[in-house]
Amino acid sequence: MKRKVTKAIFPVAGLGTRFLPATKSIPKEIMTLVDRPLIQYAIDEARAAGIKEFIFVTSRGKGALEDYFDNSPVLEQELRKKGKDELLEVLKDTNMESGAIAYMRQHKALGLGHAVWCARRLIANEPFAVILPDDVIAAEKPCLQQMVEAYEDTGGCMVAAMEVPPEKASAYGVLDVQEDMGTMVRAKGMVEKPDVDEAPSNLAVIGRYILTPDVLRSLNKIKSGAGGEIQLTDAIAEEIQQDRGVYGYRFRGQRFDCGSKAGFLQATVAFGMARPELREEFTGYLHDLVAQQKAAE
């Protein structure tokens, strides 16, 4: 009998150097798309998938991230006093029950595999999810919820996957496909950031995973891989070698790479236009801006 996925690891120890100088004083995960920080989108997706325990792998300087999920009695009191009940409801999603969140420190930047390994003592012998907040996915049904539902039929390990242009495959972990079943593929291998002419496919792994505790045991033995880091991809590939199922799931939705400035701006526009109270004014501004640029040309 497969156990339910109720724990998720959020690797958030990165310095966010691509967003300096902003990230000199605030964690990148607190940067906002419209009015919600990146980490809130990740938490909401995890909740929708049935996650009950949230494990953050952090580093020095992430205090604002921890404070974000704490109660704010003074702010709540002021909103209540002024009758701003709608804003009080908004705040409810930012509060977490005592004991629901755990924080682990990653003292050295040794890669995603190492970040996941840091949380091993809180996972025990059960499946778990990994969510990378940089990958924000706009979907009618949240991506991790889609995966959890599919996992009930497959078990094993599962990664979110999407087609990318072949020339961009070298920026991702890439699946070597054994069997393509449409929404799902069974993998016979995984390669981390292959050379363009050596990529086994253009089916890239993005930041959503459902993993077995066997992956943690593999991480105990793995030495540094691509980029001198401990690669999570290598530990998942070991599951394939041991003939334990590894699946790629073609999720329904649009992924934004909010670890890059261009991706962050694209997500801001997309999420802004998706908000009914902002759509008309924002769309009008964008149309005017495009018209002005064309006129200037």
Side-chain angles (χ1 to χ4, degrees), residues 5 7-12 14 16 18-19 27-51 54-57 65 93-94 112 115-116 127-152 154 157-165 168-169 171-175 182-185 187 190 202-211 232-233 236 247-276 278-279:
V5 182
K7 294 183 179 181
I9 298 173
F10 300 80
V12 291
R18 283 187 284 181
F19 285 89
K28 178 182 60 179
E29 298 80 17
I30 296 296
M31 294 176 63
T32 58
L33 294 179
V34 188
D35 54 6
R36 296 166 64 203
L38 294 177
I39 195 63
Q40 185 68 56
Y41 289 95
I43 286 289
D44 290 345
E45 182 177 332
R47 283 170 165 163
I51 299 299
F54 307 81
I55 304 166
F56 287 77
V57 181
L65 178 63
D93 288 337
T94 70
L112 177 58
V116 171
F128 61 97
V130 177
I131 298 180
L132 307 188
D134 277 359
D135 282 332
V136 177
I137 300 172
E140 185 174 343
K141 177 182 288 188
C143 177
L144 188 62
Q145 183 180 354
Q146 297 176 39
M147 293 174 65
V148 165
E149 291 174 359
Y151 170 81
E152 291 176 358
T154 64
C157 290
M158 184 177 294
V159 299
M162 70 177 195
E163 310 281 348
V164 299
K168 294 186 177 181
Y172 298 87
V174 176
L175 294 174
T183 301
M184 194 92 64
V185 302
M190 294 180 69
N202 69 328
L203 194 57
V205 176
I206 64 106
R208 302 292 185 275
Y209 308 78
I210 297 175
L211 304 175
L232 182 60
T233 300
I236 299 173
Y247 302 89
Y249 182 82
R250 289 186 174 102
F251 60 92
R252 300 178 300 280
Q254 183 177 5
R255 173 253 189 177
F256 297 93
D257 177 11
C258 290
S260 73
K261 293 175 184 176
F264 190 91
L265 290 171
Q266 291 163 11
T268 299
V269 172
F271 280 83
M273 293 184 69
R275 295 278 287 271
L278 301 175
R279 185 180 301 125

Heavy-atom side-chain contact between Val34 and Leu278 under 4.5 Å: yes
Pairwise side-chain contact, Arg208 with Ile137, heavy-atom cut-off 4.5 Å (strictly under): yes
Non-hydrogen side-chain atoms of Tyr209 and Ile236 separated by less than 4.5 Å: yes
Rounded distance (nearest 0.5 Å) linking atom CD of Glu29 with atom CG of Leu65: 6.0 Å
From Tyr151 atom OH to Met158 atom CE, the distance as rounded to the nearest 0.5 Å: 8.5 Å
Over all atoms of both residues, closest heavy-atom pair of Leu175 and Gly248: CD1-CA, 3.8 Å
Atom of Phe256, atom of Ala270 and distance for their closest heavy-atom approach: CZ-CB, 3.5 Å
Donor-acceptor pair, side chain of Arg252 and main chain of Lys141, under 3.5 angstrom: no
Ala160 versus Cys143, closest heavy-atom pair with distance: CB-SG, 4.2 Å
All pairs passing salt bridge (charged side-chain N to carboxylate O under 4.0 Å, His left out) where residues 254-266 contributes a residue, at least two apart: Asp135-Arg255
Nearest-0.5 Å distance, CG of residue Leu38 to CG of residue Asp134: 7.0 Å
CD1-OG1 distance between Ile210 and Thr154, expressed to the nearest 0.5 angstrom: 7.5 Å
Salt bridge flag under 4.0 Å for residues Arg36 and Asp93: no
Contact summary for Met162 and Phe251, nearest pair of heavy atoms: CB-CE2, 4.0 Å
Test item: Asn202 side-chain N/O and Glu163 main-chain N/O as donor-acceptor pair under 3.5 Å: no
Test side chain to side chain contact (heavy atoms under 4.5 Å, CB included) applied to Leu211 and Ile9, step by step: CA-CA 11 Å; Leu211 304 175; Ile9 298 173; over 6 Å; no
Qualifying residues under ring-ring contact (aromatic ring centres under 6.0 Å, His included), relative to Phe10, sequence neighbours excluded: Phe56
Check: Pro142 and Asp44 side chains under 4.5 Å, non-hydrogen atoms: no
Side-chain (Tyr41) to main-chain (Leu33) donor-acceptor, under 3.5 angstrom: yes
Least distance between heavy atoms, Pro11 atom then Pro133 atom: O-CD, 4.1 Å
Straight-line distance of Met273 CE to Thr268 OG1, nearest 0.5 Å: 13.0 Å
Any donor-acceptor N/O pair, Glu45 side chain to Leu144 backbone, under 3.5 Å: yes
Inter-residue atom distance Thr32.OG1 - Ile39.CD1, 0.5 Å rounding: 14.0 Å
Side chain to side chain, Tyr249 and Thr183, heavy atoms closer than 4.5 Å: yes
Nearest heavy-atom neighbours spanning Ala204 and Val164: CB-CG1, 3.8 Å
